[in-house]
Amino acid sequence: MIVTDPRAWADAEGYLRRAQSILAITHVSPDGDAIGSLLGFTHAMRSLGKLVTPACQDQPHPRFDYLKGVHDIRQSGEGEFDLIVSLDSSDLARLGSVFIPAQHSRLPVVVFDHHITNLNFGLVNVVEPGVSSTSEIIYTLLRRMDVTINPDIANALLTGVITDTLAFRTSNTTPDTLAVAMALMRCGGNLQEVTRQALIMRSFDSLRLLGAGLMNAKVEGRLAYATLPRKLRKELDVKEERGDAGLVGTLITAYEVDVAVVFVELQNGDIEIGLRAQPGFDVSQVALELGGGGHPAAAGCTLPGPMRDAVNRVLPRLKQVIREA
Ligand code: 5GP
Ligand code: MN
């Protein structure tokens with residue numbers, strides 16, 4: 001496990017030890033690492049006698065229903081707290097409406113994250129871009145703090161490790177990642193069940209949306225792109241409102257492609273943009289420039305609509321990334 005800033009780790013531990021009531025927040029549209037690190041942290045700090053309120057602006061996807069405590073995650077940040085902990089978020093805006101500036105700005109914020117684009121928006125920033133997942137960082141934190149990792153904590157953290165590494169297949173998988181996964185299995189984590197529920201199983205609707213998106217995808221040079229307009233969701237009668245159904249992750253598996261992008265039209269007309277890159281290409285900086293963030297190989301941002309404007313803005317910039325790599 002890489003430790004970028006030993007002082008930040010020590011300061012974070014100090015704040016956690018002294019805290020009595022913690023508001024733990026993860027990012028909007030939460031993925032497996034967001035939910036996993038949030039719940040793993042929550043269970044662990046409660047075992048140390050802290051009051052912890054886990055919060056996220058958006059409700060977790062039902063695929064995470066197997067995780068203990070997932071239904072206790074609140075969609076509001078109201079309450080009395082003495083510490084805020086941010087998990088898996090690279091900037092304050094990504095915490096969404098559960099961060100209430102009028103109430104929370106006077107409180108210390110401790111950030112745990114692994115995005116290279118993190119803006120260090122906390123009072124203390126534990127940011128480890130070399131680590132697979134925020135869940136892997138939280139595992140290290142719990143070991144430092146001598147927390148006993150029970151099966152609920154293990155399954156939560158394993159969920160983050162498995163989803164952010166696509167089951168140990170991505171370039172952010174290190175020997176440490178495997179060692180952490182092994183330790184979590186020994187603590188009662190169920191690798192096969194977590195992989196099946198968090199990563200493999202999906203709705204038939206999302207398969208149909210993926211299929212339609214693939215049929216409409218284009219390749220220009222070594223850039224693949226596709227759009228998922230609301231109209232398409234409506235035509236297919238897809239009930240799931242969010243996400244790209246795995247489309248960008250599928251496009252980047254083509255031999256012909258170095259960079260892939262998918263544009264998802266949201267209910268409010270904004271366009272959610274998912275980016276992927278082959279090793280040797282970096283899409284994190286484009287995402288950062290456009291107000292988002294992420295990793296060199298996987299990043300994202302949200303732009304105002306209409307679709308055509310977002311597409312015209314992003315495609316030339318990605319072609320430049322490919323040219324200049
Ligand atoms: P995905 O395409 O799986 O939604 O996201 C890929 C990566 O980009 C994840 O690490 C995610 O946290 C990051 N990401 C996606 N959208 C945004 C965004 O709007 N803002 C920020 N800061 N990061 C994003
Ligand atoms: Mn993550």
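Both ligands and their constituent atoms are indexed starting at 1 by order of listing. Residue numbers start at 1 and run along the sequence shown.
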(message) Check this for me - ligand 1, H115, N or O atoms closer than 3.5 angstrom, yes or no?
(response) yes
(message) Does any N or O of ligand 1 fall below 3.5 Å from an N or O anywhere on H295, backbone included?
(response)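 So ligand 1 has an N or O lying under 3.5 Å from an N or O of H295.
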Please answer whether the main-chain N or O of [Y] pairs with a side-chain N or O of [X] as donor and acceptor at a distance below 3.5 Å.
X: D82; Y: Q20; answer: yes
X: H43; Y: K68; answer: yes
X: N216; Y: A226; answer: no

Report, in ascending order of atom number, the atoms of ligand 1 lying under 4.0 Å from any heavy atom of [X].
X: G293; value: 8 (O), 13 (C), 14 (N), 20 (N), 21 (C), 22 (N), 23 (N), 24 (C)
X: D91; value: 22 (N)
X: G292; value: 20 (N), 21 (C), 22 (N)

Quick one about [Y] and [X] (side-chain donor to acceptor, distance below 3.5 Å, no hydrogens or angles considered), yes or no?
X: R323; Y: Q320; answer: no
X: T253; Y: T250; answer: no
X: E136; Y: T177; answer: yes
X: E240; Y: S203; answer: yes
X: D33; Y: T163; answer: no
X: T170; Y: N172; answer: yes

(message) Please tell me if atom 4 (O) of ligand 1 is touched by the protein, where touching means a protein heavy-atom distance below 4.0 Å.
(response) no
Write out the residue and atom name of the closest protein heavy atom to [atom], then the distance separating them to 0.1 Å.
atom: atom 15 (C) of ligand 1; value: G300 CA, 3.4 Å
atom: atom 11 (C) of ligand 1; value: R94 NH2, 3.7 Å
atom: atom 2 (O) of ligand 1; value: R276 NH1, 3.0 Å
atom: atom 7 (C) of ligand 1; value: A298 O, 3.4 Å
atom: atom 22 (N) of ligand 1; value: S90 OG, 2.9 Å

(message) Listing request: all side-chain hydrogen bond (donor to acceptor under 3.5 Å, both in side chains) pairs with a residue in residues 50-62, at least two apart in sequence or in separate chains.
(response) none
(message) For distances below 2.8 Å, what is the count of protein N, O or S atoms around the Mn ion (ligand 2)?
(response) 4
(message) With a 4.0 Å cut-off on N to O distance, would you call K239 and D237 a salt bridge?
(response)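 D237 and K239: salt-bridged.
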(message) If the contact criterion is a heavy-atom separation under 4.0 Å, does V248 count as touching ligand 1?
(response) no
(message) Over 60° means perpendicular and under 30° means parallel, so tell me whether H295 and H114 are parallel, tilted or perpendicular.
(response)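 Tilted.
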(request) With heavy atoms only and a cut-off of under 4.0 Å, state how E272 meets ligand 1: side chain, backbone, both or neither. (result) neither
